[in-house]
Amino acid sequence: MPIFAAAIIGGLHFANTVPKILNAEIIAMAKLTSRDQDYSKWYNELVVDADLAQHSDVKGCMVIKPYGFAIWERMKEVLDAKFKETGHVNAYFPLLIPKSYLSREAAHVEGFAKECAVVTHYRLKNDPDGAGVVVDPDAKLEEELIIRPTSETIIWKTYKNWIQSYRDLPLLVNQWANVVRWEMRTRLFLRTTEFLWQEGHTAHATKDEAVAEAEQMLRVYAEFAEGTLAMPVIQGVKTASERFAGALNTYCIEALMQDGKALQAGTSHFLGQNFARAFDVTFATKDGGKEHVWATSWGVSTRLMGALIMTHSDDLGLVLPPELAPIQAVIVPIHKGGEGEAVVMERCNALCDELRAAGIRVKLDDDDTRRSGWKFAQYELQGVPVRLAIGPRDAAGGTVELARRDTREKSLVPFEGIAAHITALLSEIQSQLLSASRQRLTDNITEVDTWDEFTAALDRGGFVSAHWDGTDETEEWIKQKTKATIRCIPFDGPGTPSPVAPGACVKTGAPSERRVLFARAY
RNA sequence: CGGGGCGUGGCCCAGUCCGGUUAAGGCGCCUGUUUUGGGAACAGGAGACCGCAGGUUCGAAUCCUGCCGCCCCGACCA
């Protein structure tokens, strides 16, 4: 059957959904493993096939390819603006940290020591036995350096000199950086040995101010996740056992992936005075006293790329929310060369100019070494939200074929007024992606009161809202038994998935003040 | 760190058990022709220290020893 199935109905040009059989044909051509078949395999193939990233030759490390990096750059752009709006400035601290710094804060070293890469020498020399180079034993460092797994220590060591007085506070600094954590097991974007992130490190005169900062940045993350990634999140706090090493309280946003597993998408920590004490950072108060400063740190990483992929994408590939898409609309010319080409290209160029003028990130793919069918498939795999095709028929009839990536609907739209149409469509796609994923999230929060219900719900996937007696022992026991962890204790308030109301622990039956959210997680 | 798998042109891989001409096939790449409204067809062409180092043998991708690396599944973690 002809693949081109859209038609102009009754002189009107709109909304003509493609017959289902067409979608079936397209899906049959998909080269990805389906999500049903093997979700994990689907994910890995998508990352590579959509040209987002690839494995490097070093275990656990990845090359982020230009298209993947463009998406990350969009994330950075939006987040960075939000940080600036909330009064933060960027700076940069070194990659290498003296080993001794790490041990200043007891809980911190406990948390990170096991995954630190260590620099021991500063020189190589030619291998006397043959080819290549060897470490020069004469070039051993007096004090070994670690490659930062996070920067609290070097930053607090520095802050000691920056902060003297209450006038120096608050200190609101962020850095965009790479960090290394030598994880046993890695997955592209979700957990790589080296990853890119931002880490905010702030210093405050009072506890309340620091807590407010940590909470504010969590809200910034949540707004970003929902507004830009179209990924709904649950905001809450971590239990003591899940806290950041060295924090007094860890706030988090938790998202739900399509396979029912939870993903920690961002964290914001209230560090109390732990690092100020460890690095002796004090300030003179207004009334002449001397106090340790209060701290926060907060971060999101390239892991968000994984979250994005597993929130919206389908068996044909990536689905990008328009806010984030490096290319929001792609124009594919269709012609047979010769005279027809000039006519089609003229329309395409006009379309491209018009969309660009309307502030749409548009690409005209005039590469004549690829056929249109190949391009259609490629842009679907890469998640471009809107695809526009213009062929001789469109050039003659004043129409454009428009295909939505999210619903895979095709329609013919008039050339006239198309920029406004697409602008509106992009924002509709953005909000539909959010509402669809929000629906999936709410549909997959199960409230349970018995152990049997609890385990059954966990096996179905999603978040399980249950009472917990508040002890580390019970939390650990449940983790061992079910592989589920307490993802967070959600904030109370309207729409909370687990309201504050007394009950009995799902495991021990001991009294519980409120429900918490359990899930199996990435 | 345990369990499993794998290393052969840019990519996917056959061949390895049972050693024997020129290392097969597909994708991709290059050239040409015809094509172009859903991943084009045909013809020709280029491209390989068979992971590395030893060993056995007349002869090794194949057998032996050692080493290295990666991926997947667990434990650990953002």
Side-chain angles (χ1 to χ4, degrees), chain A residues 1-7 18 22-23 25-31 38 40-41 43-45 48-49 54-61 111-115 129-132 149-150 179-199 238 242 244-245 250 252-255 263-269 297-307 316-317 332-338 340-341 344 367-381 387 389-395 399-401 403 408 410 412 479-480 483 485 521-522:
Chain A
M1 72 170 285
I3 295 295
F4 182 81
V18 167
L22 173 57
N23 282 333
E25 282 175 0
I26 292 172
I27 290 164
M29 292 190 295
K31 60 179 188 177
D38 185 339
S40 174
K41 198 171 176 196
Y43 175 84
N44 288 329
E45 288 177 1
V48 172
D49 290 355
Q54 65 183 66
H55 290 285
S56 79
D57 289 342
V58 176
K59 176 183 164 61
C61 292
F112 287 105
K114 284 175 292 188
E115 50 193 43
D129 297 332
T150 178
V179 290
V180 166
R181 296 182 188 175
W182 215 267
E183 303 285 355
M184 292 305 170
R185 188 142 140 53
T186 56
R187 294 194 66 190
L188 290 170
F189 289 121
L190 293 174
R191 182 171 298 104
T192 45
T193 300
E194 178 189 11
F195 57 95
L196 306 184
W197 76 344
Q198 57 71 217
E199 46 182 327
K238 288 290 188 189
E242 298 277 331
F244 175 75
T250 288
C252 62
I253 52 173
E254 291 284 327
L263 184 95
Q264 179 174 307
T267 48
S268 178
H269 315 290
S297 71
W298 28 275
V300 297
S301 71
T302 36
R303 171 177 251 205
L304 286 176
M305 294 286 292
L316 289 176
V332 178
I334 298 167
H335 56 76
K336 301 181 204 292
E341 176 175 356
V344 166
D367 179 355
D368 58 9
T369 67
R370 302 287 184 195
R371 294 156 60 94
S372 52
W374 188 91
K375 293 176 185 176
F376 291 173
Q378 189 62 22
Y379 290 114
E380 261 156 19
L381 186 56
R387 187 186 71 233
I390 294 182
R393 292 203 292 268
D394 300 299
T399 58
V400 176
E401 184 194 73
R408 300 201 305 278
K410 278 188 191 178
L412 273 188
K479 184 177 174 182
Q480 292 304 323
K483 290 178 184 159
T485 48
Y522 276 99

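This one's a predicted model, so the numbers in the text were calculated from it and none came from an experiment.
To the nearest angstrom, C1' of B:A78 lies 5 Å from CZ of A:Arg303. Following rounding to the nearest Å, A:Trp374 (CH2) and B:G28 (P) show an atom-to-atom distance of 10 Å. Whole-Å rounding puts the A:Leu196 CG to B:A78 C1' distance at 13 Å. Separating the CH2 atom of A:Trp298 from the C1' atom of B:A78 is a distance of 16 Å, rounded to the nearest angstrom. The interatomic distance linking A:His335 (NE2) with B:G37 (C1') rounds to 12 Å, in whole Å. The CD-P distance, from A:Glu115 to B:A78, rounds to 7 Å in whole Å. If you measure from atom CG of A:Asp367 to atom P of B:U36, you get 18 Å, rounded to the nearest angstrom. Following rounding to the nearest Å, A:Arg370 (CZ) and B:G38 (P) show an atom-to-atom distance of 18 Å.
Counting any heavy atom pair closer than 4.0 Å across all strands shown, A:Leu263 reaches no nucleic acid atom. Counting non-hydrogen atoms under 4.0 angstrom, A:Arg387 reaches a base of the nucleic acid. Counting non-hydrogen atoms under 4.0 angstrom, A:Ser301 reaches a base of the nucleic acid. Here A:Glu183 lies in heavy-atom contact (under 4.0 Å) with a base. Nucleic acid contact class of A:Gly60 (heavy atoms, under 4.0 Å, all strands): sugar-phosphate only. Residue-level contact check: A:Lys483 touches the backbone only, with heavy atoms under 4.0 Å from sugar-phosphate atoms and none from bases. Backbone-only engagement by A:Ser40 is indicated by non-hydrogen atom pairs under 4.0 Å involving sugar-phosphate atoms exclusively. The residue A:Thr186 sits close only to the backbone: its heavy atoms come under 4.0 Å of sugar-phosphate atoms, none of a base.
When all heavy atoms are compared, the tightest approach of A:Leu190 to A:Tyr43 is CG-OH, 3.6 Å. Residues A:Val344 and A:Pro333 share a closest heavy-atom pair of CG1-CB, 3.9 Å. Of all non-hydrogen atoms in A:Phe195 and A:Ser301, the two that sit nearest each other are CD1-CB, 3.6 Å. When every heavy atom of A:Leu316 is checked against every heavy atom of A:Arg408, the shortest pair comes out as CD1-CD, 3.2 Å.
Atoms CZ and OG1, on A:Arg181 and A:Thr193 in that order, are 12.0 Å from each other to the nearest 0.5 Å. Note: A:Thr150 OG1 to A:Glu199 CD = 4.5 Å, rounded to the nearest 0.5 Å. How far CZ of A:Phe244 is from CZ of A:Phe112: 4.0 Å, rounded to the nearest 0.5 Å. Atom-to-atom distance recorded for A:Lys238:NZ and A:Gln264:CD is 4.0 Å, nearest 0.5 angstrom. Atom CD of A:Glu380 sits about 14.5 Å away from atom NZ of A:Lys375, to the nearest 0.5 Å. To the nearest 0.5 Å, atom NE2 of residue A:His55 and atom OG1 of residue A:Thr186 are 7.0 Å apart.
The same atom, P, is picked in B:A61 and in B:C50; the two are 7 Å apart, to the nearest Å. If you take atom C1' in B:U31 and the same atom in B:G20, they sit 37 Å apart, rounded to whole Å. Taking atom P on both nucleotides, B:G26 is separated from B:U33 by 24 Å, rounded to a whole Å. The same atom, C1', is picked in B:C52 and in B:A60; the two are 16 Å apart, to the nearest Å. A gap of 13 Å separates the P atoms of B:G25 and B:G44, to the nearest Å. Comparing B:C29 with B:A75, their P atoms are spaced 42 Å from each other, to the whole Å. Using atom C1' as the reference point in both B:G69 and B:U21, the two lie 33 Å apart (nearest Å). Annotation: B:C49 and B:U57 have their P atoms spaced 28 Å apart (nearest Å).
The cationic atom of A:Arg387 (NZ for Lys, CZ for Arg) lies less than 6.0 Å from the six-membered ring centre of A:Phe376 and within 45° of the ring axis.
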> Which dot-bracket notation, 5' to 3', represents the base pairing of RNA chain B when pairs are defined as Watson-Crick or G-U with both distances under 3.5 Å, crossing pairs as [ ], and inter-strand pairs as |?
Replying inline: ((((((((.[[[..)....(....]]].((((((.....)))))).....[[[[[..)....]]]]])))))))....
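The nucleotide whose nearest atom lies closest to any side-chain atom of A:Gln264 is, among B:G38, B:G37, B:A78, B:A78. The side chain of A:Phe195 sits closest to B:A78 out of B:A78, B:A75, B:C29. Here the side chain of A:Glu380 is nearest to one of B:G37, B:A78, B:G38, namely B:G38.
Judged by atom type and distance alone, A:Lys410 reaches the base of B:G38 through a side-chain donor-acceptor pair under 3.5 Å.
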Report all interatomic pairs (protein N or O, nucleotide N or O of nucleotides 43-46 of chain B) with separations under 3.5 Å.
none

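Checking A:Ala245 against A:Lys375, the closest nucleotide of RNA chain B that is more toward the 5' end is the one next to A:Lys375. With RNA chain B read from its 5' end, the first of the two nearest nucleotides for A:Thr302 and A:Ile334 is the one closest to A:Ile334.
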> What do the steps show when you test A:Ile334 against A:Arg393 for side chain to side chain contact (heavy atoms under 4.5 Å, CB included), and what is the final call?
Replying inline: CA-CA 10 Å; A:Ile334 298 167; A:Arg393 292 203 292 268; over 6 Å; no
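For B:C71, the OP1/OP2 oxygens have no side-chain nitrogen or oxygen of A:Asn44 closer than 4.0 Å. Regarding contacts with the backbone of B:A40, a side-chain N or O of A:Arg371 is found under 4.0 angstrom from either OP1 or OP2.
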